[in-house]
Amino acid sequence: MTAPERLSLNLITVDHWSLPEAVERCAEAGIGWVAPWRHQYDDAAAAGRVIAGAGLCVSSLCRGGFFTADGAREDNRRAVAEAAALGAPVLALVCGPPRDRDLRAARATIAAGIEELLPYAKDHGVRLGIEPLHPMMIGERSAIVALGEALALARSFADPGVGVVVDAYHVFWDPRLEDELAAANGLIAGYHVSDWIVPTESLLAGRGLMGDGIIDLPHVRALVEATGYTGPIEVEIINTAHPSLSDIVARFPDGGTSTAAG
C-alpha cells in the first residue's frame, strides 16, 4: 500500500521508538513527513540530518507555548531555534494553563508571550501555530480551548507568522466549527487527525485510529481544506496501545470512508 503524499506521522504516535527508528520505519512505509516532539532528540540539528537523510520532511515541531510557566520566554526561543534547525516550518503552541484561577490573566499572558516571540520566530522562518485544546484540558495544558478563541488571537497580530493548528480531536465538538473555519482562510498552520473513542479511557492518551470513534473526519477535513489549507495532515494518536504504521496508512485520513486522494 502506498502512503498518501500528505500523510505526516506525528511522532508521539510511536513514542516507544527512538527518533532514528521512527524515521527509518516511516521511510520504509512510504510516509514522507514526520512531526517530532522536543523530548525525542538531544540535538535538533542532528535530528534534522537524520530525517533529511532518510528523504523525509518535517511538518511541524511540538511543542512550544506554556507561556504561563516560569522560564517560558527562554524555552520558547529554544523551541523556535530547534524548529529552524529541524527544518520545521511550524512550531505548535500549547499555550499553558491558568495560574491562581485567573483565566483572564492567563489569556493576556499568552497573547503577550506570542507577541514577544513572533519577531524571533519570523527571523528563523518559523510560523507559530496556536493549537486550541479540548476544554477538559484547561487546568493542565491550555487556557485557549476553543477554535474561535484561537483564531481571534491569531488575527489580533495581523501577521502571517501566526496561525492556528486545527486538531480534530480537540475541536470536533464545537457547535461553531463550521462558521469559524468558514472565516479562517489563510490562518490554518496545520491539521491533526485521530478519533474520539467511546468510552474515553483517558482524555490525553485515549485517542484512536481514524474511523474507530465518533468524529466525522471527512467533514472536518473538508472544512479545513475549504480554508485553502493544502499542507501535510498529521496523524497524532496518543495512546499506550500504539497503532501500526500499516493501519495508519490504511485509515488515513478519514477512516476509509472517503475516496479522495490523500
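For this chain, numbers begin at 1 and follow the sequence in order.
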Check whether Met136 and Ile144 end up in the same hydrophobic cluster, where Ile, Leu, Val, Met, Phe, Trp and Tyr are linked by side-chain heavy atoms less than 4.5 Å apart.
-> yes
With hydrophobic residues grouped by side-chain heavy-atom distances under 4.5 Å, do Val193 and Ile197 end up in a single group?
-> no
Could you give the distance from CD1 (Ile233) to CG (Leu9), rounded to the nearest 0.5 Å?
-> 13.5 Å
Gly190 versus Tyr229, closest heavy-atom pair with distance | CA-OH, 3.7 Å
For the student: nearest non-hydrogen atoms of Ser202 and Ala205, plus distance | OG-N, 2.9 Å
Within the distance-only criterion (no hydrogens, no angle test), does the side chain of His134 pair as donor or acceptor with the backbone N or O of His170 below 3.5 angstrom?
-> no
Verdict with supporting geometry, Leu187 and Thr227, side-chain contact (heavy atoms from CB on, under 4.5 Å) | CA-CA 8 Å; Leu187 286 170; Thr227 71; over 6 Å; no
Could you tell me whether a side-chain N or O of Arg77 sits under 3.5 Å from a main-chain N or O of Leu117, the two making a donor and an acceptor?
-> no
To the nearest 0.5 angstrom, please state how far the CZ atom of Arg6 sits from the CZ atom of Arg221.
-> 5.0 Å
Backbone of Ala72 reached by a side-chain donor or acceptor of Asn76 within 3.5 Å = yes
Is there a donor-acceptor pair under 3.5 Å between the side chain of Glu116 and the backbone N or O of Arg73?
-> no
Roughly how far, to the nearest 0.5 Å, is the CG atom of Asn239 from the CD1 atom of Ile237?
-> 8.0 Å
Please collect all salt bridge (charged side-chain N to carboxylate O under 4.0 Å, His left out) contacts where either partner lies in residues 81-93, sequence neighbours excluded, each pair once.
-> Arg38-Glu82
Side chains of residues 22-36: which donor-acceptor partners sit under 3.5 Å, not counting sequence neighbours?
residue, atom, partner, partner atom, Å
Arg25, NE, Glu21, OE2, 3.4
Arg25, NH2, Glu21, OE2, 2.8
Trp33, NE1, Glu5, O, 3.2

Between Ala79 and Leu91, what is the shortest heavy-atom contact and its length?
-> CB-CD2, 3.8 Å
Which residue pairs satisfy the salt bridge (charged side-chain N to carboxylate O under 4.0 Å, His left out) criterion with at least one member in residues 90-104, sequence neighbours excluded?
-> Asp70-Arg99
Report the residues that fulfil ring pair (Phe, Tyr, Trp, His ring centres under 6.0 Å) with Phe157, sequence neighbours left out, ordered by chain and then residue number.
-> none
Asp167 versus Pro132: any side-chain heavy-atom pair under 4.5 Å?
-> no
Sub-4.5 Å side-chain heavy-atom contact between Pro97 and Phe66 | yes
Which residues share a ring pair (Phe, Tyr, Trp, His ring centres under 6.0 Å) with Tyr169, sequence neighbours left out = Trp196
Could you walk me through whether Met137 and Val145 pass the side-chain contact (heavy atoms from CB on, under 4.5 Å) check?
-> CA-CA 8 Å; Met137 298 185 182; Val145 295; over 6 Å; no
List the steps, then state whether side-chain contact (heavy atoms from CB on, under 4.5 Å) holds for Ile130 with Leu128.
-> CA-CA 6 Å; Ile130 302 166; Leu128 302 177; 5.8 Å; no
Can you tell if the side chain of Thr13 reaches within under 4.5 Å of the side chain of Pro243, non-hydrogen atoms only?
-> yes
Residue pairs passing the side-chain hydrogen bond (donor to acceptor under 3.5 Å, both in side chains) test where at least one lies in residues 143-159, sequence neighbours excluded = Arg107-Glu149, Lys122-Asp159
Distance col, row Cys95:SG vs Ile114:CD1, nearest 0.5 angstrom, shows 4.5 Å
Do you know the tightest heavy-atom contact between Leu61 and Ala88?
-> N-CB, 3.9 Å
With sequence neighbours excluded, give me every side-chain hydrogen bond (donor to acceptor under 3.5 Å, both in side chains) pair touching residues 177-188.
-> Arg176-Glu180, Glu178-His219
Shared hydrophobic cluster for Trp37 and Val90 (ILVMFWY, side-chain gaps under 4.5 Å) | no
Residues forming a side chain to side chain donor-acceptor pair (under 3.5 Å) with Ser59, sequence neighbours excluded = Ser8, Glu234
Would you find more than 12 non-hydrogen atoms of other residues, nucleotides or ligands less than 6.0 Å from Glu115 atom CD?
-> no
For Leu217 and Ala168, which heavy atoms make the closest approach, and how far apart are they?
-> CD2-CB, 3.6 Å
Just by modelled atom types, is the Gly211 backbone N or O under 3.5 Å from a matching donor or acceptor in the Asp195 side chain?
-> yes
Partners passing ring pair (Phe, Tyr, Trp, His ring centres under 6.0 Å) against His242 (at least two apart in sequence or in another chain) | His16
Determine which pairs satisfy salt bridge (charged side-chain N to carboxylate O under 4.0 Å, His left out) with at least one residue from residues 40-62, sequence neighbours left out, and list them in order.
-> none
Group every Ile, Leu, Val, Met, Phe, Trp and Tyr by side-chain heavy-atom contacts under 4.5 Å, then state whether Ile138 and Leu153 land in the same group.
-> no
Where is the tightest heavy-atom contact between Ala143 and Ala106, given as atom of each residue plus distance?
-> CB-CB, 4.0 Å
Any chance you could measure Leu133, atom CG, to Leu203, atom CG, to the nearest 0.5 Å?
-> 11.5 Å
Salt bridge (charged side-chain N to carboxylate O under 4.0 Å, His left out) contacts touching residues 235-247 (sequence neighbours left out) = Arg207-Glu236
Rounded to the nearest 0.5 Å, what separation is found between the CG atom of Leu7 and the CZ atom of Phe252?
-> 5.0 Å
With side chains defined as the heavy atoms from C-beta onward, is the minimum distance between Leu181 and Val171 less than 4.5 Å?
-> no
Does one hydrophobic cluster hold both Leu204 and Val165, with members joined at side-chain heavy-atom distances below 4.5 Å?
-> no
Where at least one partner belongs to residues 80-121, residue pairs that pass ring pair (Phe, Tyr, Trp, His ring centres under 6.0 Å), sequence neighbours excluded = Tyr120-His124
